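Just so we're on the same page: letters track the sequence lines, and every chain starts at 1. Values in this document were obtained by computation on a predicted structure and should not be read as measured data.
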2 protein chains.
Amino acid sequence: MATIKQVAERAGVSVATVSRVLNDNGYVQLDTRKKVEEAIDQLGYIPNEVARSLYKKESRFIGLLLPDITNPFFPEMARGVEDELQEEGFYLLFGNSDESLERELKYIQTFVQNNVVGLISATNLADKANYDNLPIPTVFLDRGSQSEYSVYSDGVEGGRIAASEMIKRGSRKITVLKGPAHVMPVQERFQGTIEVLVQANVDFQVISLESLSFQEGMRRAYEIFEKFPETDGIIASNDTTATAILHEALSRGKSIPDEVQIIGFDDIQQSSLVFPSLSTIRQPIYDMGREAAKLLIKLIKKQAVEQPHIKLDVSYVNRNTTRKVK
Amino acid sequence: MATIKQVAERAGVSVATVSRVLNDNGYVQLDTRKKVEEAIDQLGYIPNEVARSLYKKESRFIGLLLPDITNPFFPEMARGVEDELQEEGFYLLFGNSDESLERELKYIQTFVQNNVVGLISATNLADKANYDNLPIPTVFLDRGSQSEYSVYSDGVEGGRIAASEMIKRGSRKITVLKGPAHVMPVQERFQGTIEVLVQANVDFQVISLESLSFQEGMRRAYEIFEKFPETDGIIASNDTTATAILHEALSRGKSIPDEVQIIGFDDIQQSSLVFPSLSTIRQPIYDMGREAAKLLIKLIKKQAVEQPHIKLDVSYVNRNTTRKVK
DNA sequence: TTGAAAGCGGTACCAA
DNA sequence: TTGGTACCGCTTTCAA
């Protein structure tokens with residue numbers, strides 16, 4: 001790997017001059033610049049970003065913290081983040097926290113140690129202490145509006161929509177899934193749903209979920225159909241649990257959506273591929289990632305931020321686990 | 001952010017001594033160490049990895065290059081890589097190449113500029129030039145055995161298994177999908193399949209795919225059912241295209257698996273969630289990621305590598321798009 | 001318009 | 001057992 005010094009020698013100038021042509025600042029005579037550029041070409045020189053980062057106390061890296069990339073919700077989000085960053089010349093350092101506060105802290109520390117210039121976090125931590133007095137801006141993704149900077153979608157409204165679609169489409173004995181307490185956006189959905197259900201005065205039950213996994217969905221689905229066999233509509237916490245419920249219903253010979261309607265939340269890719277395809281509340285997952293990156297870049301560049309909390313709209317996606325509007 | 005110098009001052013020792021306690025090498029008197037540790041605690045000091053990296057000419061980062069994390073095949077792989085790395089104290093720098101040679105090169109360059117110590121690449125590049133005389137070891141993932149170090153699964157055998165299961169389960173007019181020429185592992189599957197089909201002397205057609213996307217799968221599915229309505233078995237290039245074919249078949253009222261059997265390849269998560277659930281050839285995706293990371297770490301540590309090419313086994317997963325063995 | 005040199009925050013060699 | 005210091009590769013100030 002060639003260094004700036006070698007380039008300088010070859011071009012017969014000082015390193016300062018090379019640095020000037022590299023960064024295109026300060027005065028450089030045209031022919032001097034030419035000589036330098038030739039030397040750079042000949043040596044195949046690329047500047048060492050580590051040295052730059054050390055001096056400038058900042059890198060081109062942004063840290064992205066996710067609960068688990070294996071959860072189909074997150075790849076799309078990560079892609080949104082990356083696409084936006086990439087356009088702005090930033091790069092991604094990435095870690096799965098796996099719901100471990102310790103692992104999360106470890107990643108944050110490593111990020112900071114490496115002069116990362118910003119952080120995007122989509123973890124579900126109960127505890128914000130990990131993020132206190134960080135020397136870099138942080139944007140929280142998909143976690144409601146409680147933090148200083150955040151990008152999220154309108155969970156309460158999504159929950160409302162789910163409930164009113166369910167009612168509109170004829171369900172009268174509804175079971176609502178309540179996601180784990182520490183997952184903020186899932187609580188908001190739940191609230192929105194309950195609000196509408198209470199107002200409309202329809203019968204409903206609540207089943208609590210310990211996690212948002214497929215397996216937990218299966219377990220609870222079993223419980224639902226055993227305890228509340230008369231249920232004719234299920235509002236799930238997310239698409240993964242909705243899919244689990246769909247499976248359990250199908251394997252019990254329930255006709256979907258005729259006997260039971262199901263509405264999910266998120267609109268992950270696979271929701272259109274299950275059978276029957278899943279009606280759901282769509283979050284603009286990719287855009288959420290993109291917006292978070294945009295906001296973070298503004299913060300990094302110290303540009304004015306008009307909206308520290310960006311709330312994106314959700315919408316109902318009508319597929320085949322719900323009936324026609326009556 | 002405290003620096004080593006501040007720690008040294010506070011502890012009343014030299015930076016050299018602080019460095020020694022930090023790295024736990026060289027002689028340090030017990031009470032000196034105590035003083036230093038106290039100073040570190042009081043200042044909340046964490047060493048700057050950038051400075052370390054500059055001096056040592058290596059970081060704790062490994063670059064991971066993927067075609068597209070949004071493709072459900074890759075998250076699991078990335079997770080395998082990360083889990084292994086994390087245990088060894090390495091971190092992940094990550095980029096989606098998006099099938100663009102240029103973008104790929106850009107990422108590789110950035111990785112190198114940042115003293116990354118190793119590279120894992122799962123892209124489909126036709127062109128290996130991007131990887132020539134890199135100063136760091138590279139492991140190629142899911143790309144056959146042609147490169148110096150590689151981790152992949154036995155595609156040829158997988159293709160054979162798919163064909164023989166298809167025949168065993170009664171299909172006699174088989175359509176085989178042929179993935180894009182530049183995607184190596186997909187070609188191997190194809191070869192294995194053809195080999196068995198020819199040997200068994202059964203009727204078959206080949207349909208070429210321009211990509212492995214769901215949309216392309218839909219297009220070709222249409223073509224298959226129009227051109228070869230008598231097809232009674234379809235061997236897809238991967239699970240995504242298999243799922244597309246399943247949809248098209250279902251929407252044409254074909255009974256699956258009675259009229260047409262379908263076998264996919266990969267066993268991505270969603271394959272067990274589609275309906276009917278997809279019979280497929282399972283690749284150990286997570287383990288592939290993990291093995292690649294293991295191999296790379298060996299290379300980085302300059303440990304002996306007995307196996308530069310690691311081929312993992314595939315297996316048939318019997319689900320509901322295939323019939324009982326006759 | 002150019003170059004010399006200090007400094008970013010560590011590590012490691014050598015001398016004390 | 002400890003400290004002084006050169007050095008990693010770059011940027012930037014200051015002087016020429």
Report summary line: Exactly one candidate in A/N48, A/N115, A/N114 meets side chain to side chain donor-acceptor pair (under 3.5 Å) with A/S53; the answer is A/N115
Report summary line: Taken to the nearest whole Å, CG/A/D31 to C1'/C/dT1 is 11 Å
Report task. Rounded to 10°, tell me the angle between the two end axes of the helix from C/dT1-D/dA16 to C/dA16-D/dT1, each built from five pairs. Result -> 50°
Report summary line: A/Q113 CD to C/dC8 C1', in whole Å, measures 16 Å
Requested in this report: For A/R33 and C/dT1, give me the distance from atom CZ to atom C1', rounded to whole Å.
Outcome: 12 Å
Query raised in the report: What nucleic acid atoms does B/K5 come within less than 4.0 Å of, heavy atoms only: base, sugar-phosphate, or nothing?
Result: nothing
**Report entry** Atom CD of B/E148 with >12 non-hydrogen neighbours under 6.0 angstrom
**Finding:** no
Query - Given DNA chain D, 5'-ward residue of the pair B/K56 and B/Y27, judged by closest heavy atom - result: B/Y27
Query raised in the report: Between the side chains of B/Q283 and B/D266, does any donor sit under 3.5 Å from an acceptor?
Result: yes
Query raised in the report: Among C/dG10, C/dT11, C/dA5, which is the nearest nucleotide to the side chain of A/V15?
Result: C/dA5
Query raised in the report: How many Å lie between NZ on B/K57 and P on C/dA12, as a whole number?
Result: 13 Å
Query raised in the report: Is there a donor in the side chain of B/S121 and an acceptor in the side chain of B/Y131, or the other way round, less than 3.5 Å apart?
Result: yes
Query raised in the report: Contact class for B/T3 (heavy atom, under 4.0 Å): base, sugar-phosphate, or nothing?
Result: sugar-phosphate
Query raised in the report: In whole Å, what is the span from the CD atom of B/E49 to the P atom of C/dC8?
Result: 19 Å
Query raised in the report: Could you give the start and end, 5' to 3', of the contact zone on DNA chain D for chain B, using atoms under 4.0 Å from its heavy atoms?
Result: D/dT1 to D/dG9
Query - For A/E88, the option from A/K301, A/R290, A/K294 that meets salt bridge (Lys or Arg N to Asp or Glu O under 4.0 Å) - result: A/K301
Report summary line: Comparing B/Y55 with B/R20, nearest DNA chain C nucleotide closer to 5' gives the residue B/Y55
Query raised in the report: Within the distance-only criterion (no hydrogens, no angle test), does the side chain of B/S153 pair as donor or acceptor with the backbone N or O of B/G155 below 3.5 angstrom?
Result: no
Requested in this report: Please determine, for the side chain of B/N23, which listed nucleotide (C/dT1, C/dT11, C/dG9) has the closest atom?
Outcome: C/dT11
Query raised in the report: Checking all strands, does A/T32 fall into the base, sugar-phosphate, or nothing category for heavy-atom contacts under 4.0 angstrom?
Result: sugar-phosphate
Report task. Give a yes or no on this: more than 12 heavy atoms of other residues, nucleotides or ligands lie within 6.0 Å of atom NZ of B/K35. Result -> yes
Requested in this report: Could you tell me whether B/V28 contacts a base, only the sugar-phosphate backbone, or nothing, with contacts defined as non-hydrogen atoms closer than 4.0 Å?
Outcome: sugar-phosphate
Query raised in the report: Just checking B/V13: base, sugar-phosphate only, or nothing, at a heavy-atom cut-off of under 4.0 Å?
Result: sugar-phosphate
Query raised in the report: Is the A/F61 ring parallel, tilted or perpendicular to the A/Y91 ring (thresholds 30°, 60°)?
Result: perpendicular
**Report entry** Nucleotide C/dC8, atom C1' - distance to CG of A/N115 in whole Å
**Finding:** 10 Å
Query raised in the report: With a 4.0 Å cut-off on heavy atoms, is B/V50 in touch with a base, just the backbone sugar-phosphate, or nothing at all?
Result: nothing
Query raised in the report: Would the number of heavy atoms belonging to other residues, nucleotides or ligands and lying under 6.0 Å from CD of B/Q303 be above 12?
Result: yes
Query raised in the report: What is the distance from CG of B/L54 to P of C/dG7, rounded to the nearest Å?
Result: 17 Å
Report task. Using atom types as modelled and distance alone, determine if a side-chain donor or acceptor of A/T17 lies under 3.5 Å from a backbone N or O of A/V13. Result -> no
